[in-house]
Amino acid sequence: MKIIKDEQCFRWLNNENMIPNYGTVKFDMLCCVDLPQLNGTNKRIYLNVEIQNNIQPCYSLVTRGIAYVLRILTTQWGREYDDKNYDGMKKVYSLWIMPQATKRKDGDVDVYKVKKGRMEKKKTTKIMTRKNLL
């Protein structure tokens with residue numbers, strides 16, 4: 001691995017995030033990292049790390065994780081992007097560590113990502129009739 005620049009590129013951020021009328025979220029750990037690029041620029045990412053001891057809460061952990069990522073994206077408004085530059089939005093990575101995972105899930109890594117996809121129209125040639133259903 002080649003070290004491109006030797007400078008401070010990691011910053012802890014306030015782990016309490018309050019949006020008026022929407023409440024406060026307290027992240028376990030939140031930071032931003034400026035990753036030096038070969039062309040001399042930096043690429044900033046946001047990193048959230050959560051330690052989740054209860055592996056079966058009364059809600060979906062995946063949904064909670066998505067909500068946390070969206071909250072971090074939303075709070076970039078005015079710093080990284082605005083209504084004239086949505087392309088300034090920085091990527092957010094959220095890592096959830098589950099020390100109480102069952103032996104069956106021990107060592108597993110589940111990855112969820114938002115990804116652009118394309119659905120193509122499919123032609124349906126079969127006509128549904130009562131005869132087909134029986």
Side-chain angles (χ1 to χ4, degrees):
M1 175 172 22
K2 179 180 176 185
I3 296 177
I4 300 166
K5 287 183 181 179
D6 187 15
E7 64 180 45
Q8 183 70 24
C9 57
F10 175 92
R11 281 186 292 146
W12 288 109
L13 299 174
N14 183 1
N15 69 333
E16 284 195 17
N17 180 280
M18 201 285 276
I19 297 178
N21 301 320
Y22 289 94
T24 301
V25 171
K26 187 170 182 177
F27 304 109
D28 290 349
M29 291 181 253
L30 181 61
C31 65
C32 68
V33 183
D34 291 324
L35 303 170
Q37 304 297 298
L38 290 173
N39 65 5
T41 63
N42 286 328
K43 182 178 187 178
R44 177 169 289 168
I45 64 164
Y46 285 78
L47 176 64
N48 165 237
V49 179
E50 298 293 323
I51 309 298
Q52 179 68 35
N53 286 313
N54 183 358
I55 61 170
Q56 292 183 331
C58 57
Y59 52 82
S60 166
L61 286 175
V62 173
T63 303
R64 180 175 162 203
I66 292 169
Y68 276 31
V69 167
L70 293 175
R71 178 65 78 108
I72 296 166
L73 283 171
T74 301
T75 57
Q76 291 179 21
W77 179 267
R79 270 195 318 258
E80 306 289 358
Y81 72 100
D82 58 28
D83 61 345
K84 294 173 182 54
N85 178 25
Y86 281 92
D87 293 333
M89 190 181 297
K90 305 301 185 231
K91 287 185 179 182
V92 176
Y93 295 89
S94 189
L95 175 65
W96 290 61
I97 299 169
M98 304 178 83
Q100 305 299 323
T102 62
K103 285 284 184 195
R104 186 176 61 82
K105 296 288 273 178
D106 192 28
D108 283 5
V109 176
D110 294 333
V111 177
Y112 298 89
K113 56 173 105 171
V114 177
K115 182 178 174 184
K116 180 181 177 182
R118 183 166 182 227
M119 292 177 56
E120 295 187 22
K121 294 181 195 173
K122 300 212 181 225
K123 293 184 179 179
T124 306
T125 55
K126 192 172 189 177
I127 297 173
M128 295 297 273
T129 64
R130 185 161 197 245
K131 183 178 176 184
N132 292 0
L133 296 174
L134 298 177

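Checked by atom type and distance alone, the side chain of Glu16 never pairs as donor or acceptor with a backbone atom of Asn14 at under 3.5 Å. The backbone N or O of Lys26 sits nowhere less than 3.5 Å from a side-chain atom of Asn15 that would complete a donor-acceptor pair. Counting only distance, with no hydrogens or angles, the side chain of Glu50 and the backbone of Ser94 share no donor-acceptor pair below 3.5 Å.
Heavy atoms only, all atoms of each residue included: Leu73 and Val92 are closest at CD2-CG2, 3.7 Å. Contact between Cys31 and Val33 at its shortest, heavy atoms only, is SG-CG2, 4.2 Å.
Between the OH atom in Tyr46 and the CG atom in Leu13 there is a gap of 6.5 Å [rounded to 0.5 Å]. Rounded to the nearest 0.5 Å, atoms CE (Met98) and CD (Gln56) are 8.5 Å apart.
For Arg104, the CZ atom sits in a loose shell: 12 or fewer heavy atoms of surrounding residues, nucleotides or ligands are nearer than 6.0 Å.
A heavy-atom distance below 4.5 Å is found between the side chains of Asn53 and Pro99. Trp96 is listed as a side-chain neighbour of Asn48, based on a closest heavy-atom distance under 4.5 Å. Proximity of Gln52 to Asn54: side-chain heavy atoms (C-beta onward) are separated by under 4.5 Å at one or more points.
Take Arg44 and apply the salt bridge (charged side-chain N to carboxylate O under 4.0 Å, His left out) test, not counting sequence neighbours, and it matches Asp34, Glu80. For the side-chain contact (heavy atoms from CB on, under 4.5 Å) test, residues two or more places apart in sequence or in another chain that qualify with Tyr86 are Trp77, Tyr81, Asp83, Met89.
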